[in-house]
Protein chains: 2
Amino acid sequence: MATIDDVAKAAGVSASTVSYVLSGKRPISAPTRARVERAIEKLGYRPHAGARALASARTNVIALMAPLRVGVNVPVIMQFVTGVVTRARDFDHDVLLLTQDDVSGLDRVTGGSMVDALVMMDIEADDPRVPLVAAAKQPSVLIGLPEDPEGLSCVDLDFEAAGRLAVRHLAAAGHADVALVGSPPEVLRRHTSYAERLMRGLRNQARASDVTVRVEACDSSPSGASEAVDTLLAAAPGTTGIIVHNEGALPHVLSRLAERDIVVGEDMSVVAVCPRDVALAQRIPMTSIDLPAEDIGRVAVDMVMARLDGEHPSETRLLAPVLTERESSAPGPAAGDG
Amino acid sequence: MATIDDVAKAAGVSASTVSYVLSGKRPISAPTRARVERAIEKLGYRPHAGARALASARTNVIALMAPLRVGVNVPVIMQFVTGVVTRARDFDHDVLLLTQDDVSGLDRVTGGSMVDALVMMDIEADDPRVPLVAAAKQPSVLIGLPEDPEGLSCVDLDFEAAGRLAVRHLAAAGHADVALVGSPPEVLRRHTSYAERLMRGLRNQARASDVTVRVEACDSSPSGASEAVDTLLAAAPGTTGIIVHNEGALPHVLSRLAERDIVVGEDMSVVAVCPRDVALAQRIPMTSIDLPAEDIGRVAVDMVMARLDGEHPSETRLLAPVLTERESSAPGPAAGDG
DNA sequence: CTGAAAGCGCTAACAC
DNA sequence: GTGTTAGCGCTTTCAG
């Protein structure tokens with residue numbers, strides 16, 4: 001492999017000049033630049049990442065911690081990942097992928113200066129990783145919200161507002177008894193940030209809108225979804241509005257309703273909280289609150305990069321939920337009243 | 001951050017001694033080792049990855065190129081990824097994730113010595129990345145098979161054998177007219193390695209077993225699956241055996257058959273080629289040829305690590321397919337004959 | 001606008 | 001069993 005000295009020699013300049021044409025950190029005359037660039041080209045020169053990291057304290061790599069926990073929806077995770085990876089490239093950064101949720105990986109990559117910054121997904125209310133990244137010398141942003149986001153940078157859909165919005169939508173359409181078919185029990189047991197926030201918004205708005213809301217955890221399997229639907233309708237047969245916050249279960253929930261001869265969009269209004277493509281891929285186009293996963297991934301990178309060079313303070317950004325009416329929701333029993 | 005010199009000073013030894021207790025590359029007396037370890041502990045010392053890479057020409061990072069192309073099944077991809085990442089950790093390596101299928105990423109990470117080795121997924125028959133990695137100084141292994149695997153290390157399920165096995169199974173059960181519901185058209189258009197190999201095996205065995213085989217590309221959407229099934233049965237109404245090689249479409253294929261009052265496991269035998277968990281998650285447990293994605297990811301890492309330190313030659317490893325009979329296949333029209 | 005030179009923090013001969 | 005030392009290839013002052 002050619003080194004910077006080889007290039008310098010070939011171009012008849014010093015190594016520092018080569019370095020500067022590469023970094024653009026000082027003006028270079030046109031002819032010099034041309035000679036250097038030609039030499040680089042000719043030798044197929046690539047700066048050595050390690051040497052660069054050592055000299056500049058910059059690796060041009062960010063860590064992405066995407067724990068693949070049981071109960072998470074893999075395609076949605078990958079939408080976040082895609083957003084992060086593509087946006088990172090825009091900043092000339094690569095992505096080191098950590099999938100284990102243990103804490104040693106964090107130590108290794110931060111302490112060893114393997115990365116310039118971190119993005120962490122799947123945050124739990126009281127996440128053991130949070131104090132660690134807060135103490136790291138690298139900036140980080142969390143996708144999700146810990147119990148106490150003080151001093152941290154976070155970004156996510158505003159799930160609490162999404163919960164409110166979903167209930168408000170159903171209530172306004174005349175549904176007095178609504179229900180949530182939510183995340184798998186494992187996800188709830190871990191106090192995963194997004195699940196809890198959605199439920200909080202849901203309950204608050206139910207109180208405010210004077211509707212009842214029943215909450216049902218839901219495994220993502222066909223049988224899990226069937227059970228959730230059956231339990232729900234046994235306990236609250238008057239339910240006319242369902243909010244589904246579980247991408248994996250969504251198709252099976254719809255199947256079960258169909259099996260029970262409940263027509264979605266007529267007998268039952270269903271609002272999904274999920275990525276747009278998931279909402280559109282169901283048997284009927286779903287009224288949904290979009291989870292812009294790829295966007296969120298992108299924003300996470302923007303934020304972490306801003307903190308990396310500017311002296312931007314930490315901030316938490318909650319994206320406002322947007323509800324799009326499609327064919328799965330309709331006016332309910334009380335429509336036209338009052 | 002503490003450096004190796006800080007540790008050396010604190011332990012009253014030289015820096016090289018610290019280096020050697022860390023690497024184990026030469027014997028250290030018990031008391032010295034103890035002092036060094038205590039100093040490391042006390043100072044929270046972590047070797048600087050860049051410095052290490054520079055001095056040792058080893059990064060302890062491998063690149064994983066997992067292009068997220070249209071038509072690929074994301075959860076299956078993630079099974080490969082999981083296998084690679086977890087196995088890499090066993091070798092004390094981290095994983096740099098490249099998702100773009102362009103070729104510049106390869107250049108960057110190999111030329112810049114960012115990684116010790118590469119694993120590449122989703123290989124196409126005539127893949128432009130292949131000549132590049134073949135020329136790189138780092139060893140690489142492909143998950144999948146290019147046109148000409150000469151001199152490369154490859155690992156995959158033996159899809160050609162899988163195709164043969166599936167047909168042989170159906171033929172032996174007395175099915176004379178079988179069909180493939182295959183990958184999405186985009187995947188075929190790219191001449192993706194696994195799709196083509198399965199089809200080759202299929203056709204060869206059909207000839208050998210004297211059964212007819214019809215091939216239908218299949219979009220992974222519900223409508224795509226319905227269309228494929230309908231087209232298939234219109235063109236070849238006598239079909240009694242279907243091989244499905246498309247995880248995303250599988251549930252929809254089964255739904256469509258159900259809609260048409262075709263009872264899988266009685267009127268129609270279906271053999272799936274997919275990961276075990278996918279086969280078991282269907283409406284009935286599927287007779288399937290297992291795609292051991294996570295295993296393959298692990299083996300890929302084993303192979304690349306073997307090439308990294310030993311002087312193992314390149315090899316291609318095709319895992320023998322295993323068919324497990326479950327409830328979706330049964331004897332066909334000609335059963336008991338001959 | 002360009003060059004010289006001092007490190008960045010670690011590894012691995014080479015000594016003893 | 002341990003220490004000394006010469007780099008690894010780059011960035012970035014400091015000079016001019």
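Numbers restart at 1 for each chain; the letters A, B, ... are given by sequence-line order, proteins then strands. Model, not experiment: these values are computed from the prediction.
Scored by the side-chain hydrogen bond (donor to acceptor under 3.5 Å, both in side chains) test, B:Thr32 finds B:Ser29 as partners (sequence neighbours excluded). Applying the side-chain hydrogen bond (donor to acceptor under 3.5 Å, both in side chains) rule to A:Asp5 yields no partners; only residues at least two apart in sequence or on another chain are considered. With sequence neighbours excluded, the residues satisfying ring pair (Phe, Tyr, Trp, His ring centres under 6.0 Å) with B:Tyr194 are B:Phe159, B:His245. Residues that satisfy the side-chain hydrogen bond (donor to acceptor under 3.5 Å, both in side chains) test with A:Arg52, not counting sequence neighbours, are absent from this structure. A:Ser16 meets the side chain to side chain contact (heavy atoms under 4.5 Å, CB included) test with A:Ser14, A:Tyr20, A:Arg26; sequence neighbours excluded. Every side-chain hydrogen bond (donor to acceptor under 3.5 Å, both in side chains) that B:Asp94 has, sequence neighbours left out, goes to A:Arg108.
Residues of residues 35-54 of chain B that place a heavy atom closer than 4.0 Å to DNA chain D, in numerical order, are B:Leu54. Interface residues of residues 4-23 of chain B facing DNA chain C, ordered by number: B:Ile4, B:Ser16, B:Ser19, B:Tyr20; criterion, heavy-atom separation under 4.0 Å.
Listed here is the closest heavy atom pair of B:Ala300 and B:Val119: CB-CG1, 4.1 Å.
Along DNA chain D, read 5' to 3', the first and last nucleotides having any atom under 4.0 Å from a heavy atom of chain A are D:dG9 to D:dC14. Mapping heavy-atom proximity under 4.0 Å, the span of DNA chain C touched by chain A runs 5' to 3' from C:dC1 to C:dG9.
At distances below 3.5 Å, at least one donor-acceptor pair connects side-chain atoms of B:Ser153 with backbone N or O atoms of B:Glu315. A donor-acceptor contact shorter than 3.5 Å links the side chain of A:Asp127 to the backbone of A:Glu124. Put simply, the side chain of B:Thr82 gets close to the backbone of B:Met78: a donor and an acceptor are under 3.5 Å apart.
Ion pairing between a basic and an acidic side chain is recognised when a charged N comes within 4.0 Å of a carboxylate O; B:Arg87 and B:Asp90 show such pairing. Under a 4.0 Å N-O distance rule, the pair B:Glu294/B:Arg298 qualifies as a salt bridge.
Here B:Ser104 contributes atom OG and A:Arg89 contributes atom CZ; the two are 6.5 Å apart, rounded to the nearest 0.5 Å.
The nearest heavy atom of DNA chain C to B:Met1 and to A:Arg26 marks one nucleotide each, and the one closer to the 5' end goes with A:Arg26. Two residues, B:Pro31 and B:Ala55, neighbour DNA chain D, and the one matched to the more 5' nucleotide by heavy-atom proximity is B:Pro31.
Axis orientation changes by 30° from one end of the helix from C:dC1-D:dG16 to C:dC16-D:dG1 to the other, with each end axis drawn from 5 pairs and the value rounded to 10°.
Between A:His191 and A:Glu196, the side chains place a donor N or O and an acceptor N or O closer than 3.5 Å (distance only, hydrogens not considered).
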Could you pull out every donor-acceptor pair under 3.5 Å between side chains of residues 33-50 of chain B and any protein atom, sequence neighbours left out?
| from | atom 1 | to | atom 2 | distance (Å) |
| --- | --- | --- | --- | --- |
| B:Arg35 | NE | B:Ala11 | O | 3.0 |
| B:Arg35 | NH2 | B:Ala11 | O | 3.3 |
| B:Arg46 | NH2 | A:Asp107 | OD2 | 3.0 |

